[in-house]
Amino acid sequence: MRSRPCCLTLALALISLPALRAQQSSVPAIPGLPSAARAAAESIDSEKIRAHVRFLSLDLLEGRGPGTRGDQLAAEYIATQFALNGLEPAGDNGTYFQKVPLMAVHAVEDKTKFSFVPQNGQAIDIAYGTEIVSKDQTGQATADIDAPIVFVGYGIVAPEYNWNDYAGADLHGKVALVIVNEPPSSDEKFFKGKALTYYGRWTYKYEQAARLGAVGVLIIHRTDLASYGWEVVRNSQAIEKSYLQGDPDATLRAAAWIQHDVAQKLLTAAGLGNVDDQIAKAGKPGFKAVELPVRLKGHVESRVRRYDSTNVVGRVAGAVSSGNVVLYTAHYDHLGIDPDSKGDNIYNGAADNGTGCGILLEMARAFAQSAQKPPHDMYFASVTAEEQGLLGSQYLGMHPPVAAKDITLDLNYDMILPIGVPRSANLGGADRIDFYPAVESVAKAFDIQLLPDPNPMAGHYYRSDHFSLARVGIPAFSVDGGELFDGHDEAWGHAQFEDYVAHHYHQPSDEYRADWDFRGNAKLARFGFVLGWLASAQPHAVEWKAGDEFEGPRKKSEAK
């Protein structure tokens, strides 16, 4: 799931199923929403969502790791529910399945070696794991690298901010040395001030350098800039990592991070002095890329595993088939089984993201069985390999069921924890699109307070599946619950968040509980149902606000 974790309570009172049904929230009367649509939204049943979550998180599905038997069982279950509820297949060759070709790469630590080789002086060996972590994105068994290093600051090309760290530099066959994050700013018109844009994400650094012909990237880690320590980098990057086979932006032979002290050794050998001084200079206008008198030499050996997984895609036909299509997404994969763990080693992923799948399936049923067709087609995609880096949704964005220009909105659900009825929500990114006034109006009608991103510097928007659709121009955001719930204050909700993060996030203990309260899942499903219907009913497509970083991709898709 996205890095921003949500909440879970371990101290819910047992609530009977009849009581839950009696207390389910209603759908308010909203201008532009037909009575039949309101009735369809009202039919969304918290106990149906419960049933889906319970099945998808059974030990039988073995944690739903991509490319495994459990992954196939989950995909078949979702496809069967689509068929039973009357959705049309929208995958490959008249099926519900869109094949996603994947490749898992793991650098063999004791056989992978790196060093810096200055023009004058001795080579500087770099210890794998403690000082550098790297992946060969090409999926070849071995790679030998001997290439010049070019310091390119933050490694960003952002014409809308008049910023180009690569200006005048030739990166073909070379290695880019880049800084994590982006130029510091408090100006909302310059890299959105303190909020992180995609330019600051490490994935962008790799993609941009690869587009310019680099064979490698060294990202300089610094804890305050990254917002996490080196151990987080090591633990997430030194393990097996999956890629889309044939991804045109994943061509680096060394997609690497280096520890801050290692970067200091490199710049000392290059005669550039203090690394933090160079980081400060790189964040100011006038920075120029510089080729260092040092080469990166490396030998990389990788264990490579190629496999297929699937996105599951269904369609509900609208009154009009073309244009203003709405897409709903939720990932169904989780972390699978840890064979080296003692005791419970199945990562069931009940909350993450059984809940999002349950919501998606129940919304799909409500749309398919509505007495009135939606204004335009509705698509529902349960995607794979989110935990591997949004790969299933990335493939869906590259191969959408209809042209990207015809998709007016993507609404994504990722881990809506069943702890009661929410009265607040985080819709990070919804304010980036011109549909936001309608979102605010519907939220008010549902008694949902919209909250600002509590940590804009963390870049949450770029960490869940909606981002994969945004990057190809489709207006998109996730529907996330907030911390305020009926019968409780925000301190209670916050405590549940903290408890979940500490004890259950990405742990085998994320298991289904019979005492969970799914009324909140149903409320946010109804909220999303209404938003999708209204977006589809507009006489014009939803658009990004002027100047947004995804406005360009949208215009590009509309020009095709």
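Nearest heavy atom pair, residue Ile346 against residue Gly63, reads CG2-N, 3.7 Å. Here the shortest heavy-atom pairing between Gly528 and Met363 reads C-SD, 4.2 Å. Here the closest heavy-atom approach between residue Gly354 and residue Val53 is recorded as O-CG2, 3.3 Å. Nearest heavy atoms, Lys373 versus Trp533: O-CH2, 3.4 Å.
Within the 4.5 Å cutoff, no side-chain heavy atoms of Val316 are placed close to those of Tyr328. Between Val312 and Phe380 the shortest side-chain heavy-atom distance does not fall below 4.5 Å. Within the 4.5 Å cutoff, the side chain of Asp352 has heavy atoms near those of the Tyr505 side chain. Residues Val383 and Gln98 have side chains not in contact (no heavy-atom distance under 4.5 Å, counting atoms from C-beta outward). The shortest distance between side-chain heavy atoms of Pro418 and Thr355 falls below 4.5 Å. Using a 4.5 Å heavy-atom threshold, the side chains of Thr80 and Leu84 count as touching. Looking at heavy atoms from C-beta onward, Val472 lies out of side-chain contact with Pro400 at the 4.5 angstrom threshold. Side chains of Ile433 and Leu409 form a contact here, defined as non-hydrogen atoms less than 4.5 Å apart.
For the pair Lys99 and Phe97, the NZ or CZ position fails the cation-pi test of under 6.0 Å to the six-membered ring centre and within 45 degrees of the ring normal.
Note that the CD1 atom of Ile78 and the CG atom of Leu56 stand 5.5 Å from one another [nearest 0.5 Å]. Between the OH atom in Tyr307 and the CE atom in Met103 there is a gap of 10.0 Å [rounded to 0.5 Å]. The CD1 atom of Ile44 lies 9.0 Å from the CD1 atom of Ile359; values are rounded to the nearest 0.5 Å. Rounding to the nearest 0.5 angstrom, the gap separating the CZ atom in Phe190 from the OG atom in Ser185 is 6.0 Å. Here CD1 of Ile448 is found 8.0 Å from CG of Leu427. Values are rounded to the nearest 0.5 Å. Put simply, CD on Glu511 and OG on Ser57 are 8.0 Å apart, with the number rounded to the nearest 0.5 Å.
Taking the ring pair (Phe, Tyr, Trp, His ring centres under 6.0 Å) definition, one finds that Tyr161 meets it with Phe191, sequence neighbours left out. Shown here are the salt bridge (charged side-chain N to carboxylate O under 4.0 Å, His left out) partners of Asp486, two or more places apart in sequence or in another chain: Arg423. Legend: residues meeting side chain to side chain donor-acceptor pair (under 3.5 Å) with Asp249, ordered by chain and number and at least two apart, are Arg211. Judged as a salt bridge (charged side-chain N to carboxylate O under 4.0 Å, His left out), and not counting sequence neighbours, the contacts of Glu240 are Arg305. Listed by chain and residue number, Tyr77 satisfy the side chain to side chain donor-acceptor pair (under 3.5 Å) test with His52 (two or more places apart in sequence, or in another chain).
Neither side chain, Asn521 nor Glu362, offers a donor N or O lying under 3.5 Å from an acceptor on the other. Thr329 and Asn412 share a side-chain donor-acceptor pair at under 3.5 Å. In this model, no donor atom of one side chain and acceptor atom of the other lie less than 3.5 Å apart for Gln538 and Thr408. Side-chain polar atoms of His334 and Asn348 form no donor-acceptor pair below 3.5 angstrom.
Looking only at distances, a side-chain donor or acceptor of Ser370 sits under 3.5 Å from a matching main-chain atom of Gln372. Judged by distance alone, with hydrogens and angles left aside, the side-chain atoms of Ser557 form a donor-acceptor pair with the main-chain N or O of Arg554 at under 3.5 Å. Between the Asn353 side chain and the Tyr413 main chain, a donor and an acceptor come within less than 3.5 Å of each other. Panel note: side chain Ser382, backbone Ala330; a donor-acceptor pair is recorded below 3.5 Å. Checking side-chain atoms of Ser441 against main-chain N and O of Pro437 turns up no donor-acceptor pair under 3.5 Å. Between the side chain of Glu386 and the backbone N or O of Ser464 there is no donor-acceptor pair closer than 3.5 Å. Side-chain atoms of Arg463 come within 3.5 Å of backbone atoms of Ala458 as a donor-acceptor pair (strictly under, hydrogens ignored). A donor-acceptor pair is defined here as one N or O able to donate and one able to accept, closer than 3.5 Å; such a pair exists between the side chain of Arg50 and the backbone of Trp516. No donor-acceptor pair closer than 3.5 Å links the side chain of His399 to the backbone N or O of Tyr395. Of the possible polar contacts, one joining the Asn181 side chain to the Leu225 backbone as a donor-acceptor pair under 3.5 Å is found.
Within a 6.0 Å radius of NZ in Lys545, other residues, nucleotides and ligands contribute more than 12 heavy atoms.
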query = Between Leu396 and Leu327, is a side-chain contact (heavy atoms from CB on, under 4.5 Å) present by the stated rule, with each step listed?
reply = CA-CA 11 Å; Leu396 181 70; Leu327 172 66; 4.2 Å; yes

Query - Verdict with reasoning, Tyr347 to Asp510, per side-chain contact (heavy atoms from CB on, under 4.5 Å) - result: CA-CA 7 Å; Tyr347 291 77; Asp510 183 4; over 6 Å; no

Criterion side-chain contact (heavy atoms from CB on, under 4.5 Å) on His460 and Asp480, from CA distance to verdict: CA-CA 11 Å; His460 296 310; Asp480 300 329; over 6 Å; no

Which is it for Ser43 and Gln369 under the side-chain hydrogen bond (donor to acceptor under 3.5 Å, both in side chains) test, yes or no, and what are the steps along the way? CA-CA 10 Å; Ser43 77; Gln369 297 178 4; over 6 Å; no

Q.
Applying side-chain contact (heavy atoms from CB on, under 4.5 Å) to Leu531 and Phe435, what does each step give before you reach the verdict?
A. CA-CA 9 Å; Leu531 289 180; Phe435 187 60; 4.2 Å; yes

Evaluate the criterion side-chain hydrogen bond (donor to acceptor under 3.5 Å, both in side chains) for residue pair Ser309 and Asp71; output intermediate values, then yes/no.
CA-CA 7 Å; Ser309 187; Asp71 165 74; 3.0 Å; yes

Query - Pair Asp333-Gln388, side-chain hydrogen bond (donor to acceptor under 3.5 Å, both in side chains): steps then yes or no - result: CA-CA 9 Å; Asp333 67 292; Gln388 296 293 317; over 6 Å; no

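Note on ring orientation: taking the six-membered ring where Trp is involved, the planes of Phe485 and Trp492 are perpendicular (angle over 60°, cut-offs 30° and 60°).
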Can you give each donor-acceptor pair under 3.5 Å made by side-chain atoms of residues 546-553, sequence neighbours left out, with the distance rounded to 0.1 Å?
{"from": "Asp548", "atom 1": "OD1", "to": "Arg432", "atom 2": "NE", "distance (Å)": "2.9"}
{"from": "Asp548", "atom 1": "OD1", "to": "Arg432", "atom 2": "NH2", "distance (Å)": "3.4"}
{"from": "Asp548", "atom 1": "OD2", "to": "Arg432", "atom 2": "NH2", "distance (Å)": "3.3"}
{"from": "Asp548", "atom 1": "OD2", "to": "Phe550", "atom 2": "N", "distance (Å)": "2.9"}
{"from": "Glu549", "atom 1": "OE1", "to": "Tyr198", "atom 2": "N", "distance (Å)": "3.4"}
{"from": "Glu549", "atom 1": "OE2", "to": "Arg432", "atom 2": "NH2", "distance (Å)": "2.8"}
{"from": "Glu549", "atom 1": "OE2", "to": "Tyr462", "atom 2": "OH", "distance (Å)": "2.6"}
{"from": "Glu551", "atom 1": "OE1", "to": "Gly547", "atom 2": "N", "distance (Å)": "2.8"}
{"from": "Glu551", "atom 1": "OE2", "to": "Lys555", "atom 2": "NZ", "distance (Å)": "3.4"}

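Classification of Arg38 and Glu42 as a salt-bridged pair fails, no side-chain N sitting under 4.0 Å from a carboxylate O.
Aromatic pair Phe367/Phe529: centroids less than 6.0 angstrom apart.
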